[in-house]
Every structure is written in C-alpha cells, then in structure tokens.
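Scroll down for the structure; my scribbles are underneath it.
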Amino acid sequence: MEHFPPALLAVLLLASPTAAQEVALVRPFRPAPSDAAAPEAVRAVPMVRLPGGTFRMGCTKGDPVCALHELPPRRVTVPPFDLDRREATGADYAACVEAGACAGPPDTRGCPARYWETAGLPAACVTWEEARAFCAWAGKRLPSEAEWEYAARAGRDDRWFWWGEKYDWMHANNLGVGGRDQFREAAPPGSFGPDPYGSFDLIGNAAEWVQDCYGSSYLGGPKDGSAREWEGCERRVKRGGSWKDDATLLRVSSRLGVIATERDRSLGFRCARSIPAPPPGGTGETGETGETGETGETGETGETGMTSKARENRENDAKPSLN
Ligand SMILES: [Ca+2]
C-alpha cells in the first residue's frame with residue numbers, strides 16, 4: 001500500500017465517505033429567513049432554503065415497482081426555493097381560520113369535526129383549495145410536484161428513499177408499528193428526520209397536496225421546476241405516501257392523483273415560497289452562490305448520484321432542532 005502523509009490521508013478519507021457516511025455527513029440545511037410582515041403563526045413555521053439544481057424526476061433506475069405514471073423520467077432544473085420544514089399542523093390551520101382567511105373544514109365521513117385542528121398533528125382533512133388558500137394567507141404557495149420530489153430526494157437521484165433502497169420505520173411514519181414508528185395514525189410533524197436537506201416527514205406521515213394537476217404520465221411535463229396545470233383539471237397530485245400506505249407508496253417517485261375536493265385524515269400539505277431574484281448587480285442569496293460568494297455549480301448529479309450541492313455540504317452531522 002502506498003504511504004501518504006497523515007494530513008493527506010485524512011483529506012482522502014474525508015473525501016471518500018462510505019454510503020452510510022454520506023447520509024450522515026450530507027447536511028446542507030440552511031434556514032430560510034422568515035417574513036417579518038407575516039402573522040406570528042406563520043413566522044413560527046420554520047423553512048429550509050433548498051439549493052437550486054438539476055435532477056432526474058420520475059422512476060429511479062432499478063426500482064422494480066415504479067408505476068407507469070412515474071414515467072418517463074426526465075431531467076428537471078429547479079431554481080432555489082424555500083420549503084416548510086414540516087407539514088402544516090392543525091394549530092397552523094386554526095390560526096388561518098381564526099384570521100378569517102381559511103374555511104373550517106366541515107364534519108364529513110372519515111373526517112370528524114375539527115379533526116384538522118387536533119393539536120400537534122398534521123392539518124389533514126383539507127381540500128386542495130383549502131391547502132392552497134392557507135399557503136396564500138401565509139404569503140407562500142403549494143410546492144410544485146417537481147420541487148416536492150427534488151426536496152424529498154435530498155440530493156440523491158439513485159435511491160428509492162433518501163436513505164437507501166430499503167424501507168424502514170426509523171425514517172418515516174407509515175403502516176404498522178416498528179422502530180421509531182410507534183404511531184398507529186399520524187405523528188406530530190417533525191417526528192421523522194431531518195433528511196439531508198433538513199426537512200421532516202416529506203416521506204410518510206401525512207401525504208401532501210402539491211400544486212400540479214394530475215396527469216397519467218410525465219410526457220410533455222415542464223422541465224423548469226414549475227407546476228403542470230391546465231384549466232378545469234379535477235385531480236391534483238398528492239405525494240409522499242402517508243401513515244396508512246404501504247412502503248411502495250412512500251417511494252420518493254411515487255405519486256397519486258386525487259379529486260381536488262377530497263378530504264382524508266391521511267392527506268395534508270406543506271407550503272413553499274419562491275426566492276425573489278436579487279436586484280441587478282446585487283448579491284442576494286439565491287442558493288446558487290456558495291459561502292465564498294463564488295458562483296456555485298449547477299447541482300447536476302454526478303456519478304455517485306449525489307448532486308454537487310449535496311456533496312458540497314458533507315460536514316456537520318449534528319441534528320438540528322425543528323424550531
Ligand atoms: Ca408527509
């Protein structure tokens with residue numbers, strides 16, 4: 001074996017993490033600034049600033065259970081954006097109802113009266129329009145389907161879940177009870193994670209409405225990270241699977257079309273926010289610029305399946321707090 005000076009050997013070892021180390025070391029979490037003009041209840045919801053990048057959206061290579069509507073995979077470039085670190089809670093939604101900006105979901109079959117308000121649990125039983133209205137009240141919007149998948153992949157194009165190919169109850173809340181999943185239904189948002197980008201529960205717990213109309217394939221889908229919509233669409237997309245779904249529906253590429261007026265105890269949402277472009281000649285933070293102020297890479301995925309942005313941030317594996 002060739003001998004390296006200790007300092008160089010340390011650099012080589014740090015530069016060549018094992019697969020397990022990659023998950024532990026990749027932590028590009030960057031808190032997004034809160035909107036000072038927003039209601040206090042909105043400012044209390046922490047956001048993560050996602051770096052922009054290009055990723056492979058749709059079926060992951062080698063995934064044996066990909067559905068036809070996850071095809072064809074395509075390269076999508078997502079601009080930097082902010083995303084709520086956790087699902088909206090009943091308390092979040094109640095603040096919007098109290099402010100007169102959101103409708104209180106009615107008592108319906110499967111969704112008991114004020115279920116959405118259950119303290120500490122996801123704001124479920126809301127329609128797509130109610131979720132959209134909440135995000136608008138908060139000065140935000142629903143994420144596009146591309147943004148959601150980009151965030152949920154957390155820098156990995158080559159995995160069925162951000163942690164690997166095997167489902168386990170240490171990372172998400174779904175059917176059954178095992179590992180950290182000791183919840184028969186929904187868990188308090190923030191119970192599972194964070195993923196390497198700093199988000200909680202994108203996979204599992206409450207499934208999440210996104211902005212897009214549901215199409216039966218990705219043919220003709222946008223490649224700029226925007227939502228795919230058309231007039232009069234009846235079904236919207238929900239992502240991430242939920243506490244009542246099996247692991248196949250929790251895969252990072254899994255998607256389902258749902259009638260937009262549907263309510264379900266397993267269906268909630270989180271909000272996103274676009275990052276304003278910096279003024280001409282300005283140096284506003286867009287996520288494309290590194291800490292040195294140099295122009296960053298494009299986020300293109302390399303041979304390891306990790307985006308360049310994720311590779312940049314292999315450091316500091318201390319678990320951040322949710323708030
Ligand atoms: Ca979720």
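Note that ligands are numbered from 1 as they come in the structure, with each ligand's atoms numbered from 1 the same way. If you're wondering where the values come from, they're calculated on a predicted model, not measured in any experiment. Basis for what follows: all heavy atoms, side chains included, without hydrogens, waters or symmetry-related copies. All residue numbers refer to positions in the sequence shown, counting from 1.
- Counting only N and O atoms by type, the side chains of Ser274 and Arg141 include a donor and acceptor under 3.5 Å apart.
- Shown here are the protein N/O/S atoms lying under 3.0 Å from the Ca ion (ligand 1), water excluded: Glu87 OE2, Asp201 O, Gly204 O, Ala206 O, Glu208 OE2.
- In terms of the side-chain contact (heavy atoms from CB on, under 4.5 Å) criterion, residue partners of Leu175 (sequence neighbours excluded) are, by chain and number, Asp246.
- In this structure, the side-chain contact (heavy atoms from CB on, under 4.5 Å) partners of Cys59, at least two apart in sequence or on a different chain, are Cys66, Glu70, Leu71.
- Annotation: cation-pi pair Arg156/Trp162 absent, no NZ/CZ under 6.0 Å from the ring centroid and within 45° of its normal.
- Taking the ring axis of Phe200 as reference, the NZ or CZ atom of Arg85 does not stay both within 45° of it and closer than 6.0 Å to the ring centre.
- In this view, Glu234 satisfies the side-chain contact (heavy atoms from CB on, under 4.5 Å) rule with no residue, not counting sequence neighbours.
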